[in-house]
Amino acid sequence: MHALSDETRATVDVVLDYARRRALYEDVPLDKPLTPRELARLASGSITPAGIGARRAAALFENVLAPACVSTDHPGYLSFIPSAPTKAAIAFDLIVSASAIYGGSWMEGSGAIYAENEVLHWLAREFGLPEGSGGVFVQGGTIGNLSALVAARDAARRRNREAGRADPARWIVVCSREAHSSIASAAAVMDVDVVGVAPDSSGRLHGEPVAQALDEHGDAVFAVVATGGTTNFGIVDDIASVAAVTRERGVWLHIDGAYGLAAMLVEEMRPAFAGVQDADSVIVDPHKWLFAPFDACALIYREPSQALLAHTQKAEYLDTITEKADWNPSDLGVQLTRRARGLPLWYSLATYGTDEYRAAISYGIDLARRIADEIESRDGLSLVRDPQLSVVVFRRDGWTLADYQAWSDHLLDEQLAFVVPSSHAGEPVLRFAIISPLTTYDLLVEILDTLA
Ligand SMILES: *Cc1c(COP(=O)(O)O)cnc(C)c1O
């Protein structure tokens, strides 16, 4: 047997010691970016023929590189969509790495894939999808949306072939003009056109204008995308009315719930998501509001067989895998080699139970409402709209973008919070995206006080 050297053990210990300390920080430092010049001065020269050794490399990371990365799990990180992985999920992510599991094929990763599927099936039931639904954890919402749309177009092509119909000159995906940028990105990759439908004055997409778009573009439309919680505002489309239209016309309905679909785990939020049960595909990102580390998107299909036909890669060197009827996650998305990235969520859910998840999501929704009321009550601040999920958008009367930016920079310099300006209808605004159960009402009030 090959014995491990003391040096190898020490190398692993150095890393695990730091990982343990970082995972158990009670006060996560917010930190901030450095310039390329500053980092070149502080951190260059680490790649050498002889190596600099485990201790020096780890020290360089801990003392220089890590503090140059904003901690997305800081309670004051309120920009974009924050990250708030549970301790269980963070710790288990190390096991996923240590175990060298290939998560692409059942032949190689059956145990891991079984556990991932437990989570996907639980989510599918929560979303009201039927027995037989299934999917895969892919890298993120962007790849999830792309994979779902590729499957949708493939299904439309196959229908045409079976009916002896020609494909349209240009395929079209219909979505709200408020849909996430990743839909346009997927369309560009697929070389299809996007028809953006106007939402109502409150930002919600409805079935009627979708029906008009389908009347106008006919069989060229291979999918309609509805959003279950827009990124900027957390607005949930009127999915039920959109679903009624897609069902009647036999068009694929995809729900982009990367951020917001997690709110369906909260009983009183379910009515807002009526219609999701009719979707052909849905996505939700565990790295957003399901308290898992980067990077994971749960992609679920109503009929996984449709996705298999679209995505299975065929090659002689894969035949032993693809010729079996096994459940191979690689065949359900745009990917081949895959990390079993659903396992941290599986372990965390198994550890804490689903009730804790419902409570943690509910906390974010309540906190958003409470701080929205506080904003409304303050002179000089106004809400841009009532929060529906956990995003609060508001303005400081009279401020320009430069004012917002200077304030934001100061907040980060003080290491109080990371709140970058956003914009709405061409106007600069401020936005709190609340994910972390460690984000408190008092912290948000402290931030508002700096706007006085
Ligand atoms: C974040 C987000 C995406 C993209 O997800 P990534 O994981 O960042 O690729 C897509 N749609 C919506 C609504 C999102 O909020």
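In each ligand, atom 1 is the first atom listed, and ligand 1 is the first ligand listed. Since the model is a prediction, treat every value here as computed from it, not as a measurement. Excluded from the calculations below are hydrogen atoms, water molecules and symmetry mates; all remaining heavy atoms, backbone and side chain alike, are included.
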Under 3.5 Å: N or O atoms of ligand 1 paired with protein N or O:
{"residue": "ligand 1", "atom": "5 (O)", "partner": "G141", "partner atom": "N", "Å": "3.3"}
{"residue": "ligand 1", "atom": "5 (O)", "partner": "D285", "partner atom": "OD2", "Å": "3.4"}
{"residue": "ligand 1", "atom": "7 (O)", "partner": "G141", "partner atom": "N", "Å": "2.7"}
{"residue": "ligand 1", "atom": "7 (O)", "partner": "D285", "partner atom": "OD2", "Å": "2.7"}
{"residue": "ligand 1", "atom": "7 (O)", "partner": "H287", "partner atom": "NE2", "Å": "3.0"}
{"residue": "ligand 1", "atom": "9 (O)", "partner": "G141", "partner atom": "N", "Å": "3.2"}
{"residue": "ligand 1", "atom": "9 (O)", "partner": "T142", "partner atom": "N", "Å": "2.8"}
{"residue": "ligand 1", "atom": "9 (O)", "partner": "T142", "partner atom": "OG1", "Å": "2.7"}
{"residue": "ligand 1", "atom": "11 (N)", "partner": "D256", "partner atom": "OD1", "Å": "3.0"}
{"residue": "ligand 1", "atom": "11 (N)", "partner": "D256", "partner atom": "OD2", "Å": "2.7"}
{"residue": "ligand 1", "atom": "15 (O)", "partner": "T231", "partner atom": "OG1", "Å": "2.7"}
{"residue": "ligand 1", "atom": "15 (O)", "partner": "K288", "partner atom": "NZ", "Å": "2.8"}

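A salt bridge between D193 and R170 is present, with a side-chain N of the basic residue lying under 4.0 Å from a carboxylate O of the acidic one. Contact check on E374 versus R369 returns no salt bridge, with no Lys/Arg side-chain nitrogen under 4.0 Å from an Asp/Glu carboxylate oxygen. One finds a salt bridge joining D278 and R247 here, because a Lys/Arg side-chain nitrogen approaches an Asp/Glu carboxylate oxygen to under 4.0 Å.
Cation-pi geometry between R341 and F137 is not met: the NZ or CZ atom fails to fall both under 6.0 Å from the ring centre and inside 45° of the normal.
Taking the six-membered ring where the residue is Trp, the centroids of Y357 and Y352 are separated by 6.0 Å or more.
Listed by first and then second residue, the salt bridge (charged side-chain N to carboxylate O under 4.0 Å, His left out) pairs that reach into residues 414-427 are R395-E427, sequence neighbours excluded.
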